[in-house]
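Remember, it's 1-based here, ligands and their atoms both numbered in the order they're listed.
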Amino acid sequence: METQNIVHRGSFHSAFPSILSRKIHRALTLPIHSSSKIHSSKWASLKIHCPFYSDTLLTKTNLQCSRKSVDKVKYKGIPDIEEDKPKANIRRKNIAVFVSGGGSNFRSIYEATVDGSVHGDIVVLVTNNHVPQSMYAYDADCGGAEYARDKHIPIIVFPKKKDAQEVFSAEDLVIALRSFKVDFILLAGYLKLIPSELIRAYPKSILNIHPSLLPAFGGKGYYGMKVHKAVIASGARYSGATIHYVDEQYDTGRILAQRVVPVLAKDTAEELAARVLREEHKLYVEVAAALCEERITYREDGVPLIQSKENPNNYR
Ligand SMILES: Nc1nc2c(c(=O)[nH]1)N[C@@H](CN(C=O)c1ccc(C(=O)N[C@@H](CCC(=O)O)C(=O)O)cc1)CN2
Ligand SMILES: NCC(=O)N[C@@H]1O[C@H](COP(=O)([O-])[O-])[C@@H](O)[C@H]1O
């Protein structure tokens, strides 16, 4: 079954001009069947007005409940009490994650939204590497898209392949993200340049993780294993992970957080990559938690800081 143009079954209505909503409708890939509706008081209020779908079929309530029903068993503690207690007065945030490949950072952030470490939900995945598949043939998809489908997270393809039937512009992407009420965009191994339309639409709300200590080993051509090979070839004794705000160029936005790892004398690029990736997973969850708990502040010179959860007078 060609799923690229099938978004979900059921009536379709839109607050947008029909041509536009049809375009966005086609760019979205949703699970063909949302799983059973398990209504809980906690999630009922999270229903979003999603102008592309009939409310009876696809609402955040259904998606959240189906996700919670699958992942709730992993939750430690009493969800409606402990999970809410530390963030009682802070609105739960909506997150879009952008991936191009395996998606291990995406998975660690998703798991943190389920176990309560991150006070937010991943409401949509964006990838440039999603191949429309039958319901049963996952192998040609990128790992991130496959995981999103397993977790009933909607997928948007951007940019679309050059031979795609229809253009799906940066403006269309902004409209689609607004419809999911996205608060923050987290790039996690996304290999395309984010267009300025998106940067303008989400000021100080788009982050990227890069596998080196920026500004070293960043910029066009520095991604994936290319970064680690360059670090090793340079003789650098330290590398690490950097999370920074996204601006119009690759890797030049304000640095928000870093973690350092040693580069060992006999390291292969793969060994260094694995050591950095382990730190990335921890760092991105810490940063996503701070974002969703509104613990990001700015120094007078514009440098972003993360306020410590334990002591608000301490910053990282
Ligand atoms: N506007 C921005 N867009 C993106 C940023 C950013 O900082 N500003 N970060 C990148 C992620 N990234 C490093 O962290 C990065 C990704 C890709 C490249 C690159 O050279 N890409 C190649 C194409 C690769 C491909 O299509 O397979 C290229 O542009 O020639 C450099 C850095 C995400 N977007
Ligand atoms: N310049 C961008 C870049 O190189 N990003 C890197 O791609 C990997 C994605 O892994 P993942 O798909 O398993 O999260 C991560 O190491 C991330 O830092």
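- Under the 4.5 Å side-chain criterion, counting only non-hydrogen atoms from C-beta, Val118 is in contact with Ile95.
- A donor-acceptor pair shorter than 3.5 Å can be found between the side chains of Ser117 and Asp115.
- For ligand 1, the protein residues placed under 4.0 Å by at least one non-hydrogen atom are Leu187, Tyr190, Leu191, Lys192, Leu193, Ile194, Ile199, Asn208, Ile209, His210, Gly219, Lys220, Gly221, Tyr222, Tyr223, His244, Val246, Asp247, Glu248, Gln249, Tyr250, Asp251.
- In Arg178, the CZ atom is crowded: over 12 heavy atoms of neighbouring residues, nucleotides or ligands sit closer than 6.0 Å.
- Protein heavy atom nearest atom 12 (O) of ligand 2, with residue, atom name and distance: Gly103 N, 2.8 Å.
- The N/O atoms of Asn105, backbone and side chain alike, include one that comes under 3.5 Å of an N/O atom in ligand 2.
- In this structure, Val231 shares a hydrophobic cluster with Phe217, Tyr222, Val227, Ile232, Val261, Val263, Leu272, Val276, the cluster being traced through Ile, Leu, Val, Met, Phe, Trp and Tyr side chains under 4.5 angstrom apart.
- A donor and an acceptor atom, one from each side chain of His281 and Ser104, are located under 3.5 Å apart.
- Residue Leu277 touches ligand 2 through its side chain alone, judged by heavy-atom distances below 4.0 Å.
- Closest approach of Tyr147 and Tyr110 over heavy atoms only: OH-CD2, 3.2 Å.
- Looking at every heavy atom in both residues, Glu271 comes nearest to Lys266 through OE1-O, 3.7 Å.
- Shown here are the ring pair (Phe, Tyr, Trp, His ring centres under 6.0 Å) partners of Tyr190, two or more places apart in sequence or in another chain: Phe98.
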task = Take Ser108 and Asn105 through the test side chain to side chain donor-acceptor pair (under 3.5 Å) and record every step on the way to the result.
result = CA-CA 5 Å; Ser108 62; Asn105 274 289; 4.6 Å; no

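- Proximity annotation for atom 11 (P) of ligand 2: of Ala274, Ser104, Gly218, Pro211, Ser104 comes nearest, heavy atoms only.
- Of the heavy atoms in Tyr222, only backbone atoms (N, CA, C, O) come closer than 4.0 Å to ligand 2.
- Under a cutoff of 6.0 Å and an axis angle of 45°, Lys204 and Tyr298 form a cation-pi pair.
- Proximity to Gly189 (heavy-atom distance under 4.0 Å) selects the following atoms of ligand 2: 5 (N), 7 (O), 9 (C).
- Within the listing of ligand 2, atoms 1 (N), 4 (O) sit less than 4.0 angstrom from a heavy atom of Tyr223.
- Close to ligand 2: Ile209, with a non-hydrogen atom less than 4.0 angstrom away.
- Contacts classified as salt bridge (Lys or Arg N to Asp or Glu O under 4.0 Å) and involving residues 184-201 (residues at least two apart or in different chains) are not found.
- The shortest contact between atom 17 (C) of ligand 2 and any protein heavy atom is with Glu280 OE1, 3.3 Å.
- Heavy-atom contacts of Gly224 reach the following atoms of ligand 2: 3 (C), 4 (O) (cutoff under 4.0 Å).
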